[in-house]
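We count ligands from 1, going down the list as the structure has it; atoms in each ligand are counted the same way.
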Amino acid sequence: MRLVLHFGFVSLAFGIALPGHGRKVHTIDQDDFVYVKGLRLYDSKGLHYLTGMNYWACMNLAADDKSAGGNYSRLVVELDQMAAKGVNHLRIMASSEGAPTVHPFRMNPPLIEAPGKYNEDVFTGLDICLAEMSKRGMRATMTLNNEWQWSGGFAQYVSWAEGDTAIPYPSSWNLTAPPQRETPGTGWGNYTKEGVNAAPYNNFTDYANLIYSNTKAEEWYKAHIKTVMNRRNSVNGRLYTEDPTIMTWQLANEPQAAGIASAQDPNDELFSWVERISSYIRSMAPKQLVNVGFESKQGEYYFKRVHNLSTVDYATTHCWVQNWGIYDMYDPSPANLKAAQDFAVKFMRESSQWSVDIEKPIFLEEFGMARNNWENKDKEYPYLSNASTSNKDAYFKKIIGTVMDEFRNGGAYVGTSPWAYGGIYRPETQHANKFGMVWAGDPPHESPGWYDLYDSDTAMDIVHAQQRVIAKWIQNNESNVSHT
Ligand SMILES: *[C@@H]1O[C@H](CO)[C@@H](O)[C@H](O)[C@H]1NC(C)=O
Ligand SMILES: *[C@@H]1O[C@H](CO)[C@@H](O)[C@H](O)[C@H]1NC(C)=O
Ligand SMILES: *[C@@H]1O[C@H](CO)[C@@H](O)[C@H](O)[C@H]1NC(C)=O
Ligand SMILES: *[C@@H]1O[C@H](CO)[C@@H](O)[C@H](O)[C@H]1NC(C)=O
Ligand SMILES: *[C@@H]1O[C@H](CO)[C@@H](O)[C@H](O)[C@H]1NC(C)=O
Ligand SMILES: *[C@@H]1O[C@H](CO)[C@@H](O)[C@H](O)[C@H]1NC(C)=O
Ligand SMILES: *[C@@H]1O[C@H](CO)[C@@H](O)[C@H](O)[C@H]1NC(C)=O
Ligand SMILES: *[C@@H]1O[C@H](CO)[C@@H](O)[C@H](O)[C@H]1NC(C)=O
């Protein structure tokens, strides 16, 4: 049992000194909620720009090491590293679902073992994660479900509701598949077609998207939303719905169209599902924000249908140049990089305008690029961490720079959040814990090291530069206003 301390925020009110920095980051005050006004976010200090990072495994890393495979010392090291680079927002999982027998490709152990049955050690990890974030002035996007298999997500709800039917998994990373390194548990692994039926992606999403119309699955999903929102943090005593550390409740990671997006079916089940779930969340969290977790790759029609709702506070984009076939990580040609940059700039400018049209802010909450992996092509593992990062760095400068321009010039963008923080993880030194997890920035269904941002990466300095330039700009803009 952990003692509940209702005065936790008092002792933390002075914030913490970051290693190697004179600067102090202050704890988020009890009632300092982020709110939306026009195309911008604000908190008590004024304009609030999101220098974000995806850190989806936070609750598992923060959980007890013996019972749940966590690593508190790593968590604290990595949170301090991110805070030192000006990161003020983390997008984290506030859900993960298990099957009756352990299924591959997932966060393990899961928060929800079966409908209504929680792993209290993982839930306590979420408490610890939020309390540690609050001390460092970092706010959270809490992701409540997932289109993809790496946390269980939609497909697991559907499987539960249908009496544990088999999930048609697409081909996914198998850390224990050949080739293996000599020491057991150290990888490498490969994409697998064995052990699961390796269905085409469409089969998988068709199955997962049954959640939009399955009453039982929706009941259980809503029950989870209610449980997590009404949780009292066992570290600092805050009720989750009264904790301004939680900026946003997010319906799910990347919900997909139920129909064919290009056909623009006005009755796509996705739309009514977003309406039902977002209004359910809003009814329980009037002080916090709600968003969808949509990639917005489906174009303007889907963008507006999904985001132009009174119960959705701001829009999102995810930009994936390699996964969407625009970029090839084995191609060193300048044209390859340029195609990626051009795509990203166009996508950012268009989505900024779509968001202006619906008069809401927009957040680039996922994007990433592999390292210069042509250097690894003939090595034992394509994602070795010592490949250089010139393309990734140039791409990050371009896409983050475009978002900053939109912010400074009246567009709707309010920040960026790369995918994903790997911190001190490296493929070369990885060692799976007893739950089979290495906690790379890449989730368990994808090759570890693909999109990681490591603590020593230049990408982190680009993130940091963004924070400093924007902070200066905000100060300057505010002083201009107050002197006129
Ligand atoms: C936990 O994190 C520390 C770094 O803080 C690292 O040295 C150690 O290897 C990690 N332990 C495990 C079991 O991964
Ligand atoms: C990984 O699997 C793919 C597809 O089965 C295969 O072509 C490739 O050679 C494998 N990689 C290694 C390093 O074994
Ligand atoms: C992963 O690879 C191992 C070793 O080849 C195999 O035994 C296991 O069935 C695979 N798992 C899946 C889910 O394919
Ligand atoms: C994928 O779906 C198609 C059409 O429903 C079906 O014929 C096929 O068997 C499925 N494949 C797998 C591997 O589940
Ligand atoms: C957004 O929704 C409102 C209210 O339903 C509607 O009046 C408006 O035209 C919509 N805006 C766009 C750009 O679709
Ligand atoms: C990168 O690491 C791999 C594996 O440790 C090694 O084989 C390779 O020589 C290294 N490359 C460089 C440029 O250091
Ligand atoms: C600059 O500050 C003013 C006053 O606070 C605000 O209305 C305006 O939106 C700011 N500019 C931008 C681009 O945020
Ligand atoms: C503030 O005013 C200065 C001097 O007029 C101008 O150069 C600068 O661009 C303004 N800054 C902003 C953010 O509007």
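Taking only nitrogen or oxygen atoms, main chain and side chain alike, Asp357 does not reach within less than 3.5 Å of ligand 5.
Close contacts of ligand 1 with Ser73, meaning ligand atoms under 4.0 Å from a residue heavy atom, involve 1 (C), 2 (O), 3 (C), 4 (C), 5 (O). Within ligand 3, the atoms closer than 4.0 Å to a non-hydrogen atom of Asn174 are 1 (C), 2 (O), 3 (C), 8 (C), 10 (C), 11 (N), 12 (C), 14 (O), numbered from 1 in the order shown. Residue contact check: Pro104 has heavy atoms under 4.0 Å from atoms 13 (C) of ligand 3.
A distance of 6.0 Å or more separates the ring centres of Phe33 and His48. Between Tyr207 and Phe154, the ring center distance fails the sub-6.0 Å criterion. The distance between the ring centers of Trp320 and Tyr451 falls below 6.0 angstrom.
Heavy-atom distances between Pro178 and ligand 3 reach below 4.0 Å in at least one pair.
Under the 4.0 Å distance rule, the nearest protein heavy atom to atom 4 (C) of ligand 5 falls outside the cut-off. Of the protein's heavy atoms, at least one falls inside 4.0 Å of atom 11 (N) of ligand 5.
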- request: May I have the step-by-step check of ring-ring contact (aromatic ring centres under 6.0 Å, His included) for Tyr201 and Trp148, ending in yes or no?
  value: CA-CA 10 Å; Tyr201 253 96; Trp148 309 117; 5.7 Å; yes

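At most 12 heavy atoms of other shown residues, nucleotides or ligands fall within 6.0 angstrom of atom CD in Glu359.
Scanning the protein for heavy atoms near atom 1 (C) of ligand 1, the closest one is Asn71 ND2, 1.6 Å. Looking only at heavy atoms of the protein, atom 14 (O) of ligand 5 is closest to Asn308 ND2, 3.4 Å.
Using a 4.0 Å cut-off between heavy atoms, Ala177 contacts ligand 3 through both its backbone and its side chain. Residue Thr192 touches ligand 3 through its side chain alone, judged by heavy-atom distances below 4.0 Å. Only side-chain heavy atoms of Ile424 come within less than 4.0 Å of ligand 1; its backbone N, CA, C and O stay farther off.
The cationic atom of Arg181 (NZ for Lys, CZ for Arg) lies less than 6.0 Å from the six-membered ring centre of Trp188 and within 45° of the ring axis.
If you check the side chains of Ser151 and Asn146, you find a donor sitting under 3.5 Å from an acceptor.
Each of Tyr191, Tyr169, Phe204 was scored for a ring-ring contact (aromatic ring centres under 6.0 Å, His included) with Phe105, with one residue passing: Tyr169.
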